[in-house]
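Every value quoted in this text rests on a predicted model; they were computed, and no experiment measured them.
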Amino acid sequence: MVDVTPRTRAKDTRRSREVDAQVDAQLAESSPEASVDVESLGRQLLGTWADVRRTSREFAKNPALHDVLGLSLEEQRERTLAQLHILQEKGQVHRAFPKSLGGLEDNGGNIAAFEELVSASPSLQIKSGVQWGLFGSAVLHLGTEEHHRKFLPGIMDFTVPGAFAMTEIGHGSDVASIATTATYDEQTHEFVIHTPFRAAWKEFLGNAARDGIAATVFAQLITKGVNHGVHCFYVPIRDENGDFLPGIGGEDDGWKGGLNGIDNGRLHFDHVRVPRTNLLNKYGDVAEDGTYTSSIDSPGRRFFTMLGTLVQGRVSLDGAATTVSAMALAIAVTYGNQRRQFTAGSDDEEVLLDYQRHQRRLIPRLATAYAMNFAHDDFLVKFDSVFSNKNTTDDDRQDLETLAAALKPLSTWVALDILQEAREACGGAGFMASNRIVGLRADLDVYVTFEGDNNVLLQLVAKRLLTDFSSKFKNADAGALARYVVEQAADRAYHGTGLRTLAQTVKDFGSTARSVHELRETNAQRELLTDRVETMISELAGRLRPASKLSKADAAALFNSQQNELIEAARAHAELLQWESFTRALDKVEDDGTKLVLSWLHDVFGLGLIEKHLSWYLIHGRLSAHRAQAVSAYIDRLVTRLRPHAQDLVDAFGFEPEHLRATIATGIEAERQDEARAYYAAQRASGTAPVAEKSLKPKKKKR
């Protein structure tokens with residue numbers, strides 16, 4: 001049953017009517033005529049690598065790359081394997097690899113093209129990501145030119161399918177603590193790869209169950225009795241017949257909740273020997289005599305540097321989640337604009353998207369999808385600058401890793417939320433597999449836990465914010481970190497208004513009209529969002545300050561007691577980053593009508609964040625109850641203003657029927673509704689319509 005809450009309240013209070021009138025007056029001040037230039041907005045949404053995305057989208061329309069419903073597990077895997085061969089044959093996977101081997105050394109374009117494959121098949125996208133984005137990238141970024149020449153050609157032409165063997169059953173996201181060992185044998189000049197117990201088995205590995213014939217295996221490097229931490233090794237795992245090599249075993253993970261075109265499985269190693277030269281030794285090497293050397297003295301920094309080179313997995317997940325969110329909204333809004341249900345005082349049934357509740361369900365999520373889109377392009381530009389060696393300092397790499405750890409959790413969580421709401425907004429039709437939404441949700445479910453569990457990643461972000469606070473702002477005033485956060489997010493100087501002063505001003509506004517006017521100001525939204533980050537981090541820093549004087553166990557317990565607040569602070573920081581990206585994108589819009597519509601959408605996103613966290617703003621005295629009411633009132637009115645432009649806003653995403661492949665988004669629903677309306681109209685016109693029983697009953701006389 002689709003939610004069809006009436007568009008108007010049964011009875012407004014006097015205060016509510018005043019609020020609505022004042023909000024409408026504020027909105028009416030806008031001078032340009034609201035409209036959307038779909039073509040120009042579409043170009044902007046495609047981002048920095050627009051041409052690459054267009055080419056990849058065109059390629060993704062190939063039916064041979066699409067999922068087919070009803071296949072067995074083995075048939076799904078065979079189809080996805082065949083699709084990877086198509087990618088390789090058409091030259092779709094070599095963009096990031098060295099020019100000397102036939103690549104283009106285009107890191108940003110590679111990710112942009114890869115992300116668009118999710119519209120064809122999430123299984124295809126992730127399995128190709130395993131082969132070329134993880135397995136291949138481990139060799140590319142952790143190995144030397146010798147490894148490139150030896151191993152990359154087979155990886156690139158897909159004659160050597162491979163697995164990325166990092167995660168273990170017993171440690172998951174805690175990569176530093178993995179138990180698999182690689183012990184150097186000075187007598188034979190070999191490393192001995194060994195999983196000492198069941199919890200050390202490598203788990204959830206794409207290409208491990210059946211297709212992979214080699215793997216990049218992460219293990220603790222031990223030489224001369226010293227553990228030098230996690231390093232990566234190239235390890236053959238199967239022979240030409242597809243059988244495991246001696247000492248190697250594994251299991252098939254079987255059916256999963258989604259992504260069943262990928263042969264995920266487990267691997268374990270029983271004293272498997274590989275040559276010394278199979279150590280991917282860009283950041284750490286072992287000489288023939290067993291001597292270990294590294295260009296990075298600190299074991300901790302070395303570990304994070306090695307893992308940082310593989311950050312592109314998180315970049316691509318952020319992008320894929322953003323793409324799927326846009327697809328789901330394109331389906332749901334299109335259907336909501338055509339499906340009719342219930343009458344509202346006329347002969348015609350109402351279009352679902354005309355109901356206020358339906359608008360409130362979809363349009364704020366559409367605003368979030370736009371924010372995600374613009375933030376991802378900024379993220380991708382940052383990634384490309386680091387991986388193309390334009391910005392290669394430690395700070396640049398740490399900033400990229402922090403950005404990845406901030407945005408990937410938000411986008412993957414939001415994608416599931418949007419997919420679920422879009423499914424429900426389409427009623428029973430949304431539950432049909434032929435309309436894609438449930439299948440996409442199943443496939444994207446695992447995004448929130450692979451390439452780093454979202455909660456773990458946000459803890460990394462919080463730790464970075466606390467570190468920066470401690471090192472740079474220990475004795476600074478209350479606004480210092482806020483200025484820093486905004487500078488980091490917006491790459492421009494903060495406008496300088498003191499946060500505490502503004503908060504007091506905000507609290508004291510008595511006029512709803514003035515409140516709405518202030519809420520529309522970009523700097524006012526920035527201050528409210530930034531103040532929340534600054535306050536949360538400074539409060540956490542105060543609570544955690546005693547940790548330096550405690551034992552390790554007590555310090556860990558103190559940190560654990562603040563874990564939830566740490567994650568919420570990191571989430572607030574990530575939301576601010578998305579808002580700033582949307583703000584910068586809005587500044588670039590040239591068409592006046594489009595800019596007006598996008599400014600409303602931008603406000604819905606920014607004020608939606610404030611509305612979501614109203615309890616925090618009220619508890620901390622940043623908003624009065626009167627002003628908090630204005631937040632929701634303004635959003636309601638903005639959503640109403642945006643409703644006529646909702647279809648244009650989703651059309652600007654640029655998806656064609658071959659990408660969405662959802663029956664309810666093809667116009668068939670509009671045809672059904674038009675047929676029904678014509679039928680009833682003809683009955684009324686001809687006088688053959690049956691008379692409603694209610695109309696025959698005598699009306700009661702008024703007393």
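- One finds a salt bridge joining Glu186 and Lys224 here, because a Lys/Arg side-chain nitrogen approaches an Asp/Glu carboxylate oxygen to under 4.0 Å.
- Of the possible polar contacts, one joining the Gln131 side chain to the Val160 backbone as a donor-acceptor pair under 3.5 Å is found.
- Considering all non-hydrogen atoms of both residues, Ala214 and Phe135 come closest at CB-CZ, 4.0 Å.
- Side-chain contact between Met156 and Val93: absent, with no pair of heavy atoms (C-beta onward) separated by less than 4.5 Å.
- With a 4.5 Å cut-off on side-chain heavy atoms, Lys99 and Leu104 do not count as touching.
- No salt bridge links Lys390 with Asp396; every basic N to acidic carboxylate O contact stays at or beyond 4.0 Å.
- Heavy atoms only, all atoms of each residue included: Gln125 and Phe114 are closest at O-CE1, 2.8 Å.
- Although no hydrogens or angles enter the test, the distance criterion places a donor-acceptor pair under 3.5 Å between the side chain of Asn107 and the main chain of Phe387.
- Side-chain contact check for Arg273 and Thr188: at least one donor-acceptor pair (N or O, by modelled atom type) lies under 3.5 Å.
- Interatomic distance, CD of Glu401 versus OG1 of Thr305, reported as 7.0 Å (0.5 Å rounding).
- Smallest separation of non-hydrogen atoms from Ala406 and Val461: N-CG2, 3.5 Å.
- Using a 4.5 Å cut-off on side-chain heavy atoms (C-beta onward), Leu134 and Glu451 make contact.
- A salt bridge links Asp263 with Lys127: at least one charged nitrogen is closer than 4.0 Å to a carboxylate oxygen.
- Using bins of under 30°, 30° to 60° and over 60° for the plane-to-plane angle, the ring pair His620/Trp616 lands in the parallel bin.
- With no hydrogens or angles considered, a side-chain donor-acceptor pair links Thr48 and Asp377 at under 3.5 Å.
- With hydrogens and angles disregarded, a donor-acceptor distance shorter than 3.5 Å links the side chain of Thr412 to the backbone of Pro409.
- At least one donor-acceptor pair under 3.5 Å links the side chain of Asp106 to the backbone N or O of Gly109.
- Between Glu105 and Arg95, none of the side-chain N atoms (NZ, or NE/NH1/NH2) sits under 4.0 Å from a carboxylate O, so this pair counts as no salt bridge.
- A cation-pi arrangement is absent between Arg526 and Trp579 under the rule of less than 6.0 angstrom and at most 45 degrees off the ring axis.
- Side-chain atoms of Gln92 and Ser56 include no donor-acceptor pair closer than 3.5 Å.
- In terms of modelled atom types and a separation under 3.5 Å, the side chain of Asn207 and the main chain of Gly162 share a donor-acceptor contact.
- Between the side chains of Thr293 and Asp285, no donor-acceptor pair of N or O atoms lies under 3.5 Å.
- Put simply, the side chain of Met166 reaches to within 4.5 Å of the side chain of Leu310, judged on heavy atoms.
- Cation-pi geometry between Arg302 and Tyr283 is not met: the NZ or CZ atom fails to fall both under 6.0 Å from the ring centre and inside 45° of the normal.
- Separation of atoms CG (Leu566) and CZ (Arg543) is listed at 9.0 Å; rounding is to 0.5 Å.
- Not a single donor-acceptor pair under 3.5 Å links the side chain of Lys408 to the backbone N or O of Asp453.
- Outside the 6.0 Å centre-distance limit, the rings of Phe450 and Phe204 are not counted as a close aromatic pair.
- For the pair Arg314 and Phe379, the NZ or CZ position fails the cation-pi test of under 6.0 Å to the six-membered ring centre and within 45 degrees of the ring normal.
- Thr180 pairs in a side-chain hydrogen bond (donor to acceptor under 3.5 Å, both in side chains) with only one of the listed residues (Glu168, His268, Gln220, His171), which is Glu168.
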**Asked** Run the side-chain hydrogen bond (donor to acceptor under 3.5 Å, both in side chains) check on Arg584 and Ser581 step by step: do they pass?
**Response** CA-CA 5 Å; Arg584 287 193 296 273; Ser581 289; 3.3 Å; yes

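- Checked by atom type, the side-chain pair Ser388/Asp384 shows a donor-acceptor distance below 3.5 Å.
- Counting heavy-atom neighbours within 6.0 Å of Glu539 CD, excluding the residue itself, gives a total above 12.
- The two residues Cys232 and Leu279 make their nearest non-hydrogen contact at O-CD1, 3.6 Å.
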**Prompt:** So Leu259 and Ile262, side chain to side chain contact (heavy atoms under 4.5 Å, CB included) or not? Walk me through it.
**Reply:** CA-CA 6 Å; Leu259 299 176; Ile262 307 169; 4.0 Å; yes

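- Gln562 places no side-chain N or O within donor-acceptor distance of the main-chain N or O of Leu544, the cut-off being under 3.5 Å.
- Counting only heavy atoms from C-beta outward, the side chains of Phe191 and Asn278 never approach each other to under 4.5 Å.
- Closest non-hydrogen pair, Ala182 versus Ile193, comes out as CB-CD1, 3.6 Å.
- With 3.5 Å as the limit, one finds a donor-acceptor pair spanning the side chains of Thr159 and Asp157.
- Of all non-hydrogen atoms in Leu267 and Ala215, the two that sit nearest each other are CD1-CB, 4.4 Å.
- Annotation: side chain of Ile237 is not in contact with side chain of Val272 (no heavy-atom distance under 4.5 Å).
- Residues His376 and Leu407 are not in side-chain contact: their nearest non-hydrogen atoms beyond the backbone lie 4.5 Å or more apart.
- When side chains are defined from C-beta on, Thr291 does not count as touching Val286, because their heavy atoms never get closer than 4.5 Å.
- Side-chain N/O atoms of Thr402 and Asp399 include no donor and acceptor closer than 3.5 Å.
- Between the side chain of Lys202 and the backbone N or O of Phe218 there is at least one donor-acceptor pair closer than 3.5 Å.
- A distance-only check finds no donor-acceptor pair linking the side chain of His148 to the backbone of Phe97 [under 3.5 Å].
- The aromatic rings of Phe158 and Trp132 are tilted relative to each other, their planes meeting at an angle between 30° and 60°.
- Taking the six-membered ring where tryptophan is involved, the planes of Tyr292 and His231 are perpendicular, since the angle between them exceeds 60° and thus also 30°.
- Between the side chain of Arg464 and the backbone N or O of Gln398 there is at least one donor-acceptor pair closer than 3.5 Å.
- Taking the ring axis of Trp49 as reference, the NZ or CZ atom of Arg53 does not stay both within 45° of it and closer than 6.0 Å to the ring centre.
- Side-chain atoms of Thr277 and Glu146 include no donor-acceptor pair closer than 3.5 Å.
- Between the side chains of Ser411 and Asp318, at least one donor-acceptor pair of N or O atoms lies under 3.5 Å.
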